[in-house]
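The structure under discussion appears below in the form of structure tokens.
The basis for the numbers below is simple: all heavy atoms, side chains too, and nothing from hydrogens, waters or symmetry mates. So that the names make sense, note that chain A is the first sequence line, chain B the second, and so on, each numbered from 1.
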Amino acid sequence: MKAIEVNGLSKSYGPIIAVSGLDLHVDEGEIFGLLGPNGCGKTTAIKMLLGLVRPDSGSAKVLGRKAGSKGSLENVGYMPQETALYEELTVKENLKLFAGINGLSGNEYRKREDEVLDLVNLGERRDSILSTLSGGQRHRVSLAVSMVHAPRLLFLDEPTVGVDPPLRANFWRTFRKMRDRGLTIIMTTHYMDEAVNCDLIAMMREGRIIAQGSPSEVMSRSKAGNLEDAFLKLSREEVKV
Amino acid sequence: MRPGRAFLVTKRIFWSLRHDPRTIALMCFAPILAMCIFGIAFSGNIENVKVIVINRDQGAYVPASNMTIRISDLIIDNMDEKKLNIHHMTDENEAIGAVKDGKYSSIIIFPEDFSRSVVNASQGGGEQAVLRIRSDQSQVNVATEIVQTVTNAMLKTLGDRGMKTPVAMDVSDPIYGKGARFIDMFVPGIMGFVVFLLTTLLTLISFVGERTRGTLTRLFANGLTEGEIVTGYAIAFGMVGMVQVGILLTVAILLFDIMVVGNPLIAFLIASLLAVVSVSLGILLSSLAQRESQAIQFFPIIILPVFLLAGIFWPREAMPLWLRPLSYLIPVTYAVDALRSVLIRGWGLADIWVQLLALVGFAAIFLTGAVYMLKFMRGR
């Protein structure tokens, strides 16, 4: 089954076109990167898949269910750009809350708490109030929260923004580990250099996809040495057309 | 809607409160502070008012006593010494100067023929006796208290001497609220006000916080519905409202010995209903604010109409006729009415069903409004 099937998805805010005719097909067990500069429509696209924003036209299916329909978020995890957690609660309380919302029983939760905290290396800080943690640690808690209910599909919106290089490397190790366990990851990023870690990428510009494929395919197609050059070349070609 | 998930929202609010002693302090001490400030300010009687008496009365023969007496002296003796601090003068201009200087509140002038007129009038003849009171009316309640004290002294004096007064009034057997003081009437008002104010403002601020921190989006992204979130909030703040009423009642009984005739449990029910209405209003208003600093601008809009129109401090009968219908658009009006009826009149559920129905109606409208507002905001 496809993890994501998107056909002609569009969204405008007044005269501003956020996403235009988006087509995406992602198989399960892949790391899929949605690349592009700030404001190119990546977050809007993800929010439409999560049912948080109503599309103007087009259709989207998430794990076989219509995006935004009842039950479409079962087995789905989401890590937003900002920490988006309760700063006054402990790490454990934040995890417990979102585990409960996703229907985990007490026993299941206790097992998952250890697993996800080990994964983000924060086992010793489980009883700390979130606001006492550093920015990077909060980011890791946010990742742990998005995975606490063992989703099959994980949406990560700019997961590495404001994250220092060692932590970023740590994140990518975690993502690959989870992918190897069968999890599908859809992530947005504007860091072109790290997108080479994705299995598949789609480059977005002004709400539209300008290239799609594996990172090496996109680079060879555009005859560029890295993804940043590839993006710049493809953007220029777009403008010429 | 899954009740378990709504209850998780409630639980989260209590977890947050547990880690936030300042908000707990606000929720607990604000009612105590409000009750103490208003209680002390409003429970005190007007006492030791400095007045000037100019007594020109020349006295008259009183048949019942078989002697010539100055009735004015008897009236002055019967004036409540705790209330009036009497200073005698003879020159009216000097007395007016003293009132103008703010040293005294009033001048009580007995004319030369005062006793004679009183005796004649009580025998059914002659002209009516005129006692002049010239007060500093800038303090209306003080001036009213002076008139009341002088009237009481006058009635007592005439009664003691067996003189007839044109009308006698007996107010010793009221239907409700025997022995009630102003504070007894005021406590239910402050209860409604505190519960409404704190719940609306706390919900408004915490909901705007949910939005700005992105937690609301995260809750939605985890499948929580608008109804579950609103219900969770309503349960949490409904419980907080009951605790606040408990605190208010305890303070009011222990410190101010207020009158509780009815069942306090019904007061808890009314408060929790009002809290649910307030939560929904807070959520509704939160959709109009982008950040906390904008939400604070709503405070006067929330506080003033309730403060002025809900019958908390003065009866709705004291409002201009055209303004009265507006008070019926304010949920606190019904809560205060119901609380007053239960606590002072001793009414039960069957007697306050109209007010309860109004509160349930407001709750239903506001809750539905809050859910639809969240749906609308989410879809954008």
Side-chain angles (χ1 to χ4, degrees), chain A residues 11 13-14 18 43-44 46-56 62 68-90 92-94 96-105 127-132 138 142 145-146 148-149 151 154-155 157, chain B residues 1-27 202 205-233 235-236 290-292 372 374-380:
Chain A
K11 176 75 186 176
Y13 294 101
T43 299
T44 307
I46 292 243
K47 285 190 169 172
M48 282 195 281
L49 294 176
L50 287 163
L52 299 174
V53 168
R54 208 171 291 134
D56 296 333
V62 176
S69 65
K70 204 178 170 189
S72 67
L73 294 172
E74 276 174 25
N75 298 310
V76 173
Y78 169 55
M79 178 189 176
Q81 244 178 77
E82 64 274 33
T83 309
L85 290 172
Y86 296 97
E87 302 269 320
E88 67 280 12
L89 299 188
T90 63
K92 207 164 129 180
E93 284 167 339
N94 271 296
K96 211 169 167 182
L97 172 70
F98 285 95
I101 290 171
N102 283 289
L104 249 65
S105 69
D127 291 317
S128 301
I129 300 283
L130 202 71
S131 59
T132 64
R138 275 184 243 185
S142 180
V145 165
S146 66
V148 69
H149 55 296
L154 188 57
F155 287 101
D157 194 3
Chain B
M1 187 173 77
R2 292 191 218 163
R5 294 205 303 195
F7 196 62
L8 270 168
V9 175
T10 307
K11 229 168 154 181
R12 197 283 299 164
I13 293 168
F14 284 116
W15 284 345
S16 293
L17 283 178
R18 201 175 60 195
H19 294 298
D20 186 2
R22 266 178 297 191
T23 305
I24 294 182
L26 175 75
M27 284 171 159
L202 282 173
I205 294 289
S206 72
F207 227 80
V208 172
E210 293 258 27
R211 200 167 276 141
T212 52
R213 286 190 300 191
T215 44
L216 191 64
T217 305
R218 192 164 201 156
L219 292 175
F220 286 141
N222 278 271
L224 217 64
T225 65
E226 291 83 357
E228 286 163 350
I229 293 173
V230 171
T231 307
Y233 260 83
I235 295 171
Q290 298 294 322
R291 31 182 201 277
E292 275 95 340
Y372 276 95
L374 284 179
K375 277 188 199 284
F376 173 72
M377 301 287 289
R378 178 183 174 173
R380 286 198 295 183

Among A/L50, A/V76, A/I129, single out the residue with the greatest number of heavy-atom pairs under 4.5 Å to chain B. A/I129
Is it true that atom CZ of B/F14 has more than 12 heavy atoms of other residues, nucleotides or ligands lying nearer than 6.0 Å? yes
Measuring heavy-atom distances to chain B, does A/K70 have an atom under 4.5 Å in its side chain, in its backbone, in both, or in neither? neither
Heavy-atom contact with chain A under 4.5 Å, split by part of B/E228: neither
Show your working on side-chain contact (heavy atoms from CB on, under 4.5 Å) between B/K11 and A/K96 and close with a plain yes or no. CA-CA 11 Å; B/K11 229 168 154 181; A/K96 211 169 167 182; 5.7 Å; no
Applying a strict 4.5 Å limit to non-hydrogen atoms, the region of B/N222 in contact with chain A is both
Heavy atoms only: give me the nearest B/R218-A/T83 pair and the separation to one decimal. NH1-O, 2.8 Å
Shortest non-hydrogen contact from A/I101 to B/R5? O-CD, 3.2 Å
Show the numbers, then the answer: is there a side-chain contact (heavy atoms from CB on, under 4.5 Å) between B/H19 and A/Y86? CA-CA 11 Å; B/H19 294 298; A/Y86 296 97; over 6 Å; no
Output the distance between atom CG (A/N94) and atom OG1 (B/T215), rounded to the nearest 0.5 Å. 9.5 Å
In this structure, are over 12 heavy atoms from other groups packed under 6.0 Å from B/R18 atom CZ? yes
CG (A/L52) and CZ (B/F220) are apart, to the nearest 0.5 Å, by 8.5 Å
Approximate separation, where rounding is to 0.5 Å, of A/Q81 CD and B/T217 OG1: 11.5 Å
Contact origin within A/S142 toward chain B - heavy atom pairs under 4.5 Å: both
Going from CG on B/L224 to CZ on A/F98, what distance comes out if it is rounded to the nearest 0.5 angstrom? 8.5 Å
Once you round to the nearest 0.5 Å, how far does CD of A/E87 lie from CG of B/D20? 12.5 Å
Of the listed B/R12, B/E210, B/R2, the one with the largest count of heavy-atom pairs under 4.5 Å with chain A is B/R12
Tightest non-hydrogen contact, residues A/E88 and B/R213, listed as OE1-NH1, 3.0 Å
